[in-house]
Amino acid sequence: MISTMLAAVLYGKEHVQMERIPIPALGPGDLLVRIRAALTCGTDLKVFRRGYHARMIVPPARFGHELAGTVVEAGEGVADFAPGDRVVALNSAPCGECYFCERGQENLCDDLLFNNGAYAEFIRIPARIVAKNTLHVPDHVPLEHAALTEPLACAVHGFVDSRPHPGDTVAIIGGGPLGLMILHVAALAGCEVIAIVKHDGQVEAARQLGAAHVVQTTSVRKAIHEARALTPKRQGVDIAIEAVGIPETWQEAVELVRKGGTVNFFGGCAVGTQVTLDTNRIHYSDITLRATFHHTPAICRKALDLIASGRFQAGLFITGHAHLYELNRVFEKLMNRSSEIKTAIVP
Ligand SMILES: [Zn+2]
Ligand SMILES: [Zn+2]
């Protein structure tokens, strides 16, 4: 058997190199997966720009975290997977033992184990992720669609956490991959979705994915004005989900909701940023403020089920394909705000 593989290694800001490195050795409970598709993601783009991610990846490191593939080898003691199995392995797994895990809030686990290295020919899936967050992909689901499980789990989590009811009007701020996914999930759940986006390419995508209304603007004031005008007596929406991750749009979300409405600060802002909120409005209008981070094993299973159901238009999220060798070029293109949603990197 071959002993080396091609893999993308992140060295720092806008510095990723393709290298031949040894295929990782397996420990007990681990899996070796041959990657069939790895998807680009907003988080990876952020990492490419900044050169690191405080929680997820510290260079030099293998790069990429949304993947699906086939099992090549199973480590000692693995009972649920065998060579040839089609799998999606999530990018993390909780410990199962801490305060948060015991309360079903595994997304907040004190010891979340992250795994990177999806932009490669092979990846080692550590035992904990094999045990908790590696799922069999049904035969009829293309592996590149299954690779959407991780971001979709975040989207489903954010939507469900906003406590929606069918028929609710839901405003989603941001037309990036995750904003579009939440939008699609909300539309499939029977909500009336108002998408607030910036770029031309996002308008068409939002419509195709089920937005009832699309507000295209770069002005926060205009977005609030136009979105409110779409609700009875301009009262505001039932739920506003912020999927951009800047303080200005966090504040916008609060101004979009009606009395008794719910805001979800889904987009994570840069460290050290703050927002100013109108305390009177929040109190006397009885507004619920929530924030959702990451996913839990149960939500990941729901996400894959949704993809497998065929209701979720997975194909619409993968707007390009490229070989591993083209990774740098793909990220440069994504930095220039192309209309791509996700590119499938195929080794
Ligand atoms: Zn991602
Ligand atoms: Zn834990």
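For ligands, and for the atoms within them, numbers begin at 1 and follow the listed sequence.
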Give a yes-or-no answer on whether the side chains of H294 and S92 include a donor-acceptor pair shorter than 3.5 Å. yes
Is C154 close enough that one of its N/O/S atoms sits under 2.8 Å from the Zn ion (ligand 1)? no
Please enumerate all residues that pass salt bridge (Lys or Arg N to Asp or Glu O under 4.0 Å) together with E204, with sequence neighbours excluded. none
Please tell me whether D278 and Q251 have a donor and an acceptor in their side chains that are separated by less than 3.5 angstrom. no
How is the N/O/S atom of H65 that comes nearest to the Zn ion (ligand 1) named? NE2
Determine yes or no for a side-chain-to-main-chain donor-acceptor pair under 3.5 angstrom, with R290 supplying the side chain and D161 the backbone. yes
Do you know which N/O/S atom name in E66 is closest to the Zn ion (ligand 1)? OE2
Any N, O or S atom of D44 closer than 2.8 Å to the Zn ion (ligand 1): no
No waters, cut-off 2.8 Å: how many protein N, O or S atoms are close to the Zn ion (ligand 2)? 4
For the CD atom on E19, are there more than 12 heavy atoms of other groups (residues, nucleotides or ligands in this structure) within a distance under 6.0 Å? yes
When you look at D238 and R258, which way does the salt bridge (Lys or Arg N to Asp or Glu O under 4.0 Å) test go after all the steps? CA-CA 6 Å; D238 301 306; R258 63 163 169 82; 2.4 Å; yes
Looking at Y325, is its backbone amide N or carbonyl O close enough to the side chain of H323 to form a donor-acceptor pair, meaning the two atoms are under 3.5 Å apart? yes
Does the R124 side chain pair with the main chain of G27, one donor and one acceptor, at a distance under 3.5 Å? no
